[in-house]
Amino acid sequence: MANEVVVVAGTRPELIKLAPVFKWLEVRGVDYVFVWSGQHYDYELSRVFIEELNIPEPQYDLGVGSGSHSVQTAKAMMGLEKVLDERKPRAVVAVGDTNTVVASALASSKKNIPFLHIESGLRSWDKTMPEELNRIVADHLGFTLFAPSKLAYINLLAEGIPSNRIVLSGNTVVDVLLENVGLAREISDRVLSSIGVEEREYILVTVHRQENTDNPRRLIGIFNALNRLVEDYGYKVVVPLHPRTRNRLIEYGLMDTVKEKLTITRPLGYLEFIALMEKCLVVLTDSGGVQEEAYTLRVPIVTLRYNTERIETVLYGLNVLAGADTNRIVEYTIKMIEYRDKIVGNVKGKPNPYGDGRAGERIASWIKDNLDELTISDVDLTDEPIVSYKLVREVVENHKLLDKLIGFNADGVPVLENPMELVVRVSLRWPKPWENLDS
Ligand code: UD1
Ligand code: UDP
């Protein structure tokens, strides 16, 4: 077995969120092999981030490409299995909830290679979302789970995952943002003028999620709202278009109108995108990463979904869920703009629920410190088989854990107090049928 970890990625957000992990694996001197699944392949969704964020070149490219969920997952598993057979790593590391991630969790766990899941424990409680299914599987197969927030940590405990398998690391999205926001500011004048917008006079939009793009009613609902924000209110609306959304707009015959009214761009590089986000009035998005980044920059968010797994952004008062309903999107966007100063002022002093920008360091340090012990042992090597349950007392007693934990202090700040204290450990020896017969 090689004393190295295999790090897998395959899409835009995985590259961005892994940048700090690669950096800190190098600093801590952990050997790694970088495997690119190839789920994303356009330059703007892949290579641009490798170049911009100094991410190392992948040593393997599995060439997965586009396809149905099963095809993508199966291809990634088959490709990764070969790499795992060749490299025999100590562990496999991946971040997030894409098909590449669930494939990594399955391929590694089935070979008894520990799977280390970064950004673990997010839940939208919506199983029609492909990402929710991927998260649940990846979290439950994970050997060690790096929770990006306290709420994510609690979600994992509430699903019966023992606390000794969870590390509260924070989200690496904060690290990469804090490290690069200065560079983004340096280019922001150029970016804004090349797109033809002025600071705080435009709305930034990203839409790419399957539930929105592949449902014409929803996509039309969203783009009708964007058109109205331009026509009725005179705002400029900037939409860096994901290829999935571009394809659907063409298919549904909407592209001409959209191009006429909105400011459509190619998918942007990270620095360009952050520069635009920091200077916009409000961001409208169905992206997970964009909600986290907007919170970190304290930019108001209208989420183009009916739920979110970035629940903290709503609880802390910077995000509102508008779904794909035209009237609601317009109304909420206008309200966010009208009350912008107060809304932003209200969250300025609040802590960032996604961490302090040191998540990558924590994750890499944990891997370094535990690398030698990362093994899934054969059950027949266990002396005394023990069934261990980590039970969350409140869940067991009254199923109201989250209600109880999400309180608000006098300043209206949600408080999640010492989740660890609510955990009780119950260890059960397997009972033998002949024991206690006499009593
Ligand atoms: C995937 C992830 C999603 C993540 C998003 C990040 C899954 C289930 N979904 O969604 O969680 O938020 O990446 O952006 O893993 N396409 C191109 N060029 C590319 C890649 C895709 O044109 O380089 C087009 C293809 O038509 C493809 C479609 O986009 O069929 C969807 O791509 P896919 O990777 O399946 O899903 P995303 O929507 O990108
Ligand atoms: N992003 C980018 N250029 C764009 C749009 C988004 O660099 O034109 C970045 C954004 O800053 C965030 C990430 O892409 O870090 C989010 O990716 P995406 O929305 O595709 O996926 P999700 O986060 O929803 O999984």
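Order of appearance sets the numbers: ligands from 1, and atoms from 1 within every ligand. These figures come from a predicted structure and were not determined experimentally.
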Just verifying a value: how many Å separate R246 CZ and L241 CG, rounded to the nearest 0.5 Å?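 Rounded to the nearest 0.5 Å, the CZ-CG separation comes out at 5.0 Å.
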Distance in Å, T98 OG1 paired with R135 CZ, rounded so as to fall on 0.5 Å steps: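 Answer for the OG1-CZ pair, T98 versus R135, is 11.0 Å.
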Could you list which atoms of ligand 1 come closer than 4.0 Å to a heavy atom of L45?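 The atoms of ligand 1 under 4.0 Å from a heavy atom of L45 are 19 (C), 20 (C), 23 (O).
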Out of all atoms in ligand 1, which are within 4.0 Å of some heavy atom of E131? Include the element for each.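 By the 4.0 Å cutoff, the relevant atoms are 3 (C), 9 (N), 11 (O).
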Select the closest option to [atom] among [options], judged by heavy-atom distance.
atom                    : options             : value
atom 27 (C) of ligand 1 : P13, S66, S46, P267 : S66
atom 35 (O) of ligand 1 : H208, E14, Q72      : Q72
atom 34 (O) of ligand 1 : H69, R12, Q39       : Q39

Please confirm whether R209 approaches ligand 1 to less than 4.0 Å, judged on its heavy atoms. yes
Sub-4.0 Å heavy-atom approach of H242 to ligand 1: yes
What protein heavy atom sits nearest [atom], and how far off is it?
atom                    : answer
atom 32 (O) of ligand 1 : R244 NH1, 4.3 Å
atom 17 (C) of ligand 1 : Y41 OH, 3.3 Å
atom 22 (O) of ligand 1 : P243 CB, 3.2 Å

Does the distance from a Lys or Arg side-chain N to an Asp or Glu carboxylate O, for [X] and [Y], drop under 4.0 Å?
X    : Y    : answer
R218 : E211 : no
E81  : K110 : no
K279 : E201 : no
R12  : E44  : no

With a heavy-atom distance limit of 4.0 Å, tell me whether H40 approaches ligand 1 through its side chain, its backbone, both, or neither.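 Both of them.
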Does only the side chain of N99 get under 4.0 Å from ligand 1, or the backbone, or both, or neither? Count heavy atoms.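 Both parts.
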Polar atom proximity, N247 to ligand 1 (N or O, under 3.5 Å): yes
Is it the case that ligand 1 has an N or O less than 3.5 angstrom from some N or O of D42? yes
4.5 Å side-chain heavy-atom contact, [X] and [Y]:
X    : Y    : result
Y233 : V330 : yes
V21  : V95  : no
L156 : S120 : yes
F223 : T257 : no

Relative to each other, are the rings of H208 and H242 parallel, tilted or perpendicular (30° and 60° limits)?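 The rings of H208 and H242 lie parallel, inter-plane angle below 30°.
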Other residues, nucleotides and ligands only: do more than 12 of their heavy atoms fall within 6.0 Å of CG on D256? no
Strictly distance-based, threshold 3.5 Å: is any side-chain N or O of T172 a donor or acceptor partner for the main-chain N or O of L18? no
Residues in contact with ligand 2, criterion: heavy atom under 4.0 Å: R12, P13, I16, F49, H208, R209, P240, P267, L268, G269, Y270, F273, S287, G288, G289, E293
